[in-house]
Amino acid sequence: MKPNYLDELNERQQEAVMHINGPLMIIAGAGSGKTKVLTTRIAHLMRHGVDAFNILSLTFTNKAAREMKERVEKILGGNEARNLYIGTFHSVFARLLRAEAHRLGYPNDFTIYDTDDAKSVLKTIINEQNLDDKHYKPNFVYNRISAAKNSLMGPEEYQHDNFVQQEDMRANRPMIGKIYDMYAKRCFKNGAMDFDDLLYKMYILLKQFPETLHKYQHKFKYIMIDEYQDTNPAQYEIIKLLGSVHENICVVGDDAQSIYSFRGATIENILQFEKDYDDVHVVKLEQNYRSTKSILNVANEVIAHNKGQIEKALWTNNMEGEKIKLVRTMTDNEEGKYVADTIAEQKLRNHYDNRDFAILYRTNAQSRSFEESLRRKGIPYRIYGGISFYQRKEIKDFLAYLRITINTRDEESLKRIINYPVRGIGKTTIEKAVVISNEQNITFWEVLERGREFGFKGGTLEAVEGFVTMIKSFQAILEKHNAYDVAVQVGKSTNIVKELFNDKTTEGLARYENIQELLNSIKEFTETPTEDGELLDKSLGSYLQQITLLTDADQGNDENSDVVKLMTIHAAKGLEFPVVFSVGLEENLFPSTLSINTREELEEERRLFYVVITRAKARLWLTYASSRYRFGSLVNNEPSRFLEEMPEQFIDRSYAGGNAIRGFGGGGGGGLWNNGGNNMFDRMQKKAPAGPAAGSSASSSSARPAPKPAAPVGNHVPTPGFAPDDPATMEAGMEVEHQKFGFGTILSMEGAPNNRIATVVFPKGGGEKKIMLNYARLMIVKK
DNA sequence: TCGGAAATGTTTTTT
DNA sequence: ACATTTCCGA
């Protein structure tokens, strides 16, 4: 008898699920039920006697891991699922390293440096070496080092690799190898690993300690890897090591969705898999359950423009559905407004909830115009990605205290907080301590500890000793208290909480709230039973271990809240939405200017386009703007070349003013200023722009003389903190403020609920005016 | 040694 | 446009 969980699967899917032993490769097209197959397969393994403790399942995002865990639990019932090892590469390896780091000479409570920490260390080193940080940009150097680690190349090898050295010589940056070496040593001294180290050191560990390798080879008898097309060489080698005994490796991937080569991922891994093992069983999932025929046809046609793919034909039984809507607007702001308006309209017309919509873009910077327009229309939304909560300054400062409490070697954190809040340990003192630390080859912390010995005097000595005593007092309670208790103590002793509380500025208030939110999240951590099997550890060390690996998308697990979602296409991989707006489809933006120089780069951009199309279940809008602000000046862009690659019969251009493609950009361009006029005017008043910052577009026009504002407007200066209120809340009789017309009183209201019109009298702003509340910004002054 | 003004850089994409 | 860094005067 077949277990009933198989009933919901098609034949191919069943085939994949029921393959238990030996290497398995699943080529899973977009929307083909990949996650379902993976989760069912885990359940199936367990039904066939595989112990949960022996299963390792790796994903790329925390979200994917969480979802997988939940779905397995649902199928299995009970709580066996909590013994599974399911997580991202980084989080699983961090956990393993936490148990084994001492073998590599790291403290087991090593600190994890995020990208900002790492760049900051690099910058310090570059300056110490008297190198020009304009030439040796920390960002550039970081990427270089990251690429090296992802291909398992250590500092020694880097400096002796001919090819790499030639590359650096050609780029006129011969010192990168040296910087890499110093960086690695500094991180080691600090007891810290960066993101790439979590992979690289894991590999080193397995390679250098055969008994450790052996241990994990026998622990993880069954290994599954999601998004295999996005693995890099380091991940690939680790998997190969771990899986080499039992060879029960199941990889799932789709070469058409490989979008992380910038992070060292290589499609080769998926092609290589069949060669690495004998008797690889290959299953192709080609039926798409997600999208309409229209959407899928467009996607298939687009991806066909790439050459060299694993052969597969994605098809669907779903209905044909609506055509894909192609929309052009004049500016990025209009694009934002169009999308917000359309969401409002679709909610009414097709009874969608907010949660059914996603706005997906190429770069995080594009979110602004959508935020604004959604806010103006009173549509709740949430932005995923961008500046993470944990990257905010006040959060990093607070976390630095926690980190230094756990790991005093962490110089990066120490420098952050040694004089925050101000305690009279200035630059001079810090520099002196750095010098001593280098001379004596001891840690920065140790210099502080032995301050008297090293000749600190008077107020400085007092301050240093006070600081050391305080940190030690935190360490003293570590043993007996959980992460939250320690954090509260830190907040109190450092005075940070009180100080922020007393700061009554808007930013101060926000910072105070953020700290409170951080404390809440720590509390939540200590109170939620961890499902990570053996790790029921609520200590501060345990908390810090996971925190750095969380991204903004993992904050607030309000998966069910009814909001429109905004995120980059990268972040949307693996997700699906009833209605998708793929925005900013313009040359130089998507595809990005930086990715059109080689065929490989362009093809990756095209795969990205494929990914965004296939996120949509029912309806898909593609939008682009003729001109948008970039670096503060307006630039014109042509429609994305990808738009020309779509089959005409599934496209509806009627929204785009008829001839959407190639219909603008050349000629006079006078009309483009209608929207940007005032802004531009302001700029010119201050100072003429230095020059055409973005020389990309032929019709880039920053040199144009400032046009006069189209119509005279009131010279009202909005009150500080002006923020428009929701039109729905406005009533006759209220006093309101308009950004240009000043203060006024609402005389009457009219119009449909979603398109209300107010008649307002502005004593100083030209008398009585009719204001369409969806388009104007009014703030309620008095009800 | 500090705070505020001016100059300068930043934009792919993420764990 | 915005954030961060640098510069400058007190």
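Below, read A as the first sequence line, B as the second, and so on, with proteins coming before strands; counting in each chain starts at 1.
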Separation of C/dT4 atom C1' from A/Q391 atom CD, nearest Å, is 15 Å
To the nearest angstrom, the CZ-C1' distance between A/F140 and B/dT11 comes to 17 Å
Report yes if a side-chain nitrogen or oxygen of A/T61 is closer than 4.0 Å to either non-bridging phosphate oxygen (OP1 or OP2) of B/dT14; otherwise report no. no
Of B/dT10, B/dT8, B/dT13, the nucleotide closest to the side chain of A/F631 is B/dT10
A/N143 atom CG is separated from B/dT10 atom P, nearest whole Å, by 12 Å
Sorted by chain and number, sequence neighbours left out, salt bridge (Lys or Arg N to Asp or Glu O under 4.0 Å) with A/R263 holds for none
Atom OH of A/Y142 and atom C1' of B/dT14 are separated, to the nearest Å, by 10 Å
At 4.0 Å (heavy atoms only), tell me whether A/N364 reaches a base, stays on the sugar-phosphate, or touches nothing.
sugar-phosphate
Among the nucleotides B/dT8, B/dT14, B/dT11, whichever has the atom closest to the side chain of A/L594 is B/dT11
With the side chain defined as heavy atoms from C-beta on, A/H570 is closest, among B/dT11, B/dT15, B/dT13, to B/dT13
A/R368 atom CZ is separated from B/dT11 atom C1', nearest whole Å, by 14 Å
Can you tell if the side chain of A/K396 reaches within under 4.5 Å of the side chain of A/D117, non-hydrogen atoms only?
yes
A/L602 atom CG is separated from B/dT13 atom P, nearest whole Å, by 18 Å
Open item on the list: Taking A/I303's backbone N and O only, do any of them form a donor-acceptor pair with A/R607's side chain (distance below 3.5 Å, no angle check)?
Closed with: no
Correct closest heavy-atom pair for A/E227 and A/Q229 would be OE1-NE2, 2.9 Å
The answer to which of A/S595 and A/D196 contacts DNA chain B further toward the 5' end, by nearest nucleotide, is A/S595
Rounded to whole Å, the CD1-C1' distance (A/I569 to B/dT13) equals 9 Å
message = Is it true that A/D194 and A/Y183 share a donor-acceptor pair across their side chains at a distance under 3.5 Å?
response = yes
Ordered by number, residues from residues 256-265 of chain A within less than 4.0 Å of DNA chain B (heavy atoms) are A/Y260, A/F262, A/R263
| query | Do A/S595 and A/E604 have side-chain atoms, one donor and one acceptor, less than 3.5 Å apart? | reply | no
Worked verdict on A/R66 versus A/E70 for salt bridge (Lys or Arg N to Asp or Glu O under 4.0 Å) = CA-CA 6 Å; A/R66 207 180 313 125; A/E70 279 166 13; 5.7 Å; no
In short, A/L97 meets A/D197 closest at the heavy-atom pair CD1-O, 4.4 Å
Q | Separation between the P atoms of B/dT13 and C/dT4, rounded to whole Å | A | 16 Å
Name the nucleic acid region contacted by A/S91, choosing base, sugar-phosphate or nothing; use a 4.0 angstrom heavy-atom cut-off, strictly under. nothing
Whole-Å distance, A/K123 NZ to C/dT6 C1', equals 10 Å
- Query: Contact class for A/K137 vs. all strands (heavy atom < 4.0 Å): base, sugar-phosphate, or nothing?
  - Reply: sugar-phosphate
(Q) Using a 4.0 Å heavy-atom cut-off, does A/F89 contact any base of the nucleic acid, only the sugar-phosphate backbone, or nothing at all? (A) nothing
